[in-house]
Amino acid sequence: MRVLLVEDDLLIGNGIKAGLSKHGFSIDWFKDGAVGREALLSADYDAVILDLSLPGIDGLDILRGWRASGRDVPVLVLTARDALKQKVEGLNLGADDYLGKPFDLEEVAARLRALVRRRHGITERLLLHGAVSFSLENRTVFLQGSPVALGPKEVMLVELMLLNKQSVLSKSAIEDKLYPWGEEVSSNSVEVLVHRIRRKLGHGFIRTVHGVGYALGDAP
Amino acid sequence: MSAMPESVRRVIDRLQKKFGTLERFIFESLCESSRDKFLWPEIRRRILSAVKRFFAASIALALKAAETALRLILWGLSRLWERFQGLPLSKKSLRLRLSLFFTAFLAFAWFGAAFFAWMECEGYINEFFDTQQMLFAKRLAETDFTNEAAVFLKTRERLPGVDKKAAGDLEDDALGFAVFTIAGELVMADGKNGRRFTFEPDKKGFSDMRLPGEKGVWRVVRLVSRDGRHIITVGQEEDYRQDMMLDMLSKQIMPWLVLLPVLLSGLIFILSRELAPLRALAKRLRTRPPEDAVPLDLSQIPSEALPLAEALNGFFSRTKAMLTRERSFISDAAHELRTPLAGLRVQAQVAAQRGIRRETRQEALGFLLQGIDRCARLVEQLLELSRLEAMGDIPPVQDAPFAGLCRSTLEWPVLLDEIVREYGAKAERKGLALKCELAPAPSPIQGYPALISMLLRNLLDNAVIYAPRNGYIRIYLENSRLNIENNAPEFSEAHASRLGERFFRPPGQEEPGSGLGLSIVRRIAEIHHFGLSVRARRENQDGAETVFCVTLTFNNAVI
């Protein structure tokens, strides 16, 4: 899942980026609020972590701008102020969740996941496709009930496919979701991932739509 | 008894009235034992003088007793006054004080009035009696005494057929008289006093006279009779006049004395009633919660207490402002601490994650240390700032060390030298050129060197942090100003004007900082009455270089 992080504090930004990538998030981090605002408009993110106390620009203004231009991406707001008024205002402006500083990384991850799930209209905690199941909670892939060892990027791709059951994902869209900006992407990395997943979960799990991209195979 | 001469009879009657039957008995037996007519005056004189001495002694005794009583009362009053003085100020009741002072003042005024009345009375009574005396003497001077044998008259007779009331309050001894021949022979006198008048032919008109064997002074008038052969002497005892005056005075003062308690209780009642608003105010203040900032209602306060109540209101509003400032400071501080704490927590969690790369963990631990340093610095700066906020401005006159700080004339060369040495290495590490220029004779300014060092350190901290690599820092001290300049990245004027606000940091800062450094500088400048200006100006025409410049001006500093 690709997440946009707008946070001016070096330690928090760095910590979230480093900590959440372990949880299967690929994070684009911007310290400058204005740049962060533009970033959302130029790429497709699954969720946003937005700090409200940014120097020079109010986080709530950024949120207002996004919502005004029709972006409905889930936004998790981070704030050091715990004033109720600000919370209410933030939620009214379209924030989906609220976390006060200092916060717990696990909680951030859990809330982000919940936001994404809700966005895809999923209420159960397991995503199912034939013999393959995926636990959103502990990000484990099961084949006929037993866990399968997958690399982090492989898990992300499985999750991506399961979340978008009906659609065909292009190679570049997959790269966008799996690799944050600035991370080295080789030209055949998506093919490599797909190959590894097919080896572990069965060849029919992902089918290739020639000239377009990849989609989930038919459930047996 | 019937053989007794008429004059003796009268004397006995008088004495009977005055001293009762015992004395009369003694006197009558004396008369019986000696019928010598010429002995009578002598006997009478002796008895009278004895009686007078007795009275004088009694009066002296009474005076002594009165004096002792007065001394006792004065001693008691002085002890009371001491007790009163010993009470703590707050316990001195205004009502009690007012009542006491009012009474004392009243007594003083009354005594003053009585004294003046006495003086007035004295003149008036003297004039009155002198006129009477003179009138009487003139009458006597018209009389022909040539054929008279020596006659001793009794001045007062009960008027025959007139009852006591209709006779009026006649005082028999009001006047005494004696008529002498030129040669000094007593021709006529009233029985009691006149016959003891001395013959002093060279004195004419009014004068004072002492009767032989008596203490009292008599006022007498002497006239020569119309035929020129007699001298008329009419006298009156001064004591009589004094008694009359005292009588008049006491009759005048008595109603006042009777009314005094009424007056005092009225005074106390009025005082209690008028002081009621103050008591109500005190009650309101006692029950007032400390955070209450509503000003006192001044409509019921008397105008004398109004300044106090207004001062209290001013105090309340200042306290409220201070509380608000403190609260916002604490809330700001809590807010500002949350962000670094969140950073610490996140980095700690990252470092504690399982299965992460070694380098990531090392990096997280490095960030953790950096974050802890930042928190410590922030807390330190918060404390410094709150201490500085609580401190008053530098007083204009030299006095005792203030808030544990020594005050002296600032030795700029020494202070700047220290700072340059302290920051030289730091600047060098970043490739910064640190230059310091001093005016030959900077004006002497009073200040707290410890605070000035803190100010310089904060400014230099900022300069070193925010100057770009291979930039410069310039310190130059002129006669009445200190400039600290460094070249800086692009910096908007709007942001420059907000510098010095607590926790304000211009956006786009890579360097960690609390946003408190300039607030501390600003406060120290305020304490010393320095002017502080923070500007970002373009050095070159094309605006290629921005110079960040902090200027302290000493025009209002304490010299």
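In what follows, every chain begins at residue 1, and chains take the letters A, B, ... in the order their sequences are listed.
A cation-pi contact links B:Arg288 to B:Phe316, judged by a cut-off of 6.0 Å to the six-membered ring centre and 45° from its axis.
Both the backbone and the side chain of A:Asp104 come within contact range of chain B, with heavy atoms under 4.5 Å apart. With a 4.5 angstrom heavy-atom cutoff, B:Thr360 touches chain A only via side-chain atoms. Contact of A:Asn14 with chain B is made through backbone and side chain together, with heavy-atom distances under 4.5 Å.
The pair B:Glu422-B:Arg457 meets the salt-bridge criterion, since a charged nitrogen lies less than 4.0 angstrom from a carboxylate oxygen.
Side chain to side chain, B:Thr551 and B:Asn483 meet the donor-acceptor criterion of an N or O pair below 3.5 Å.
Aromatic ring centres of A:Phe25 and A:His23: separated by at least 6.0 Å.
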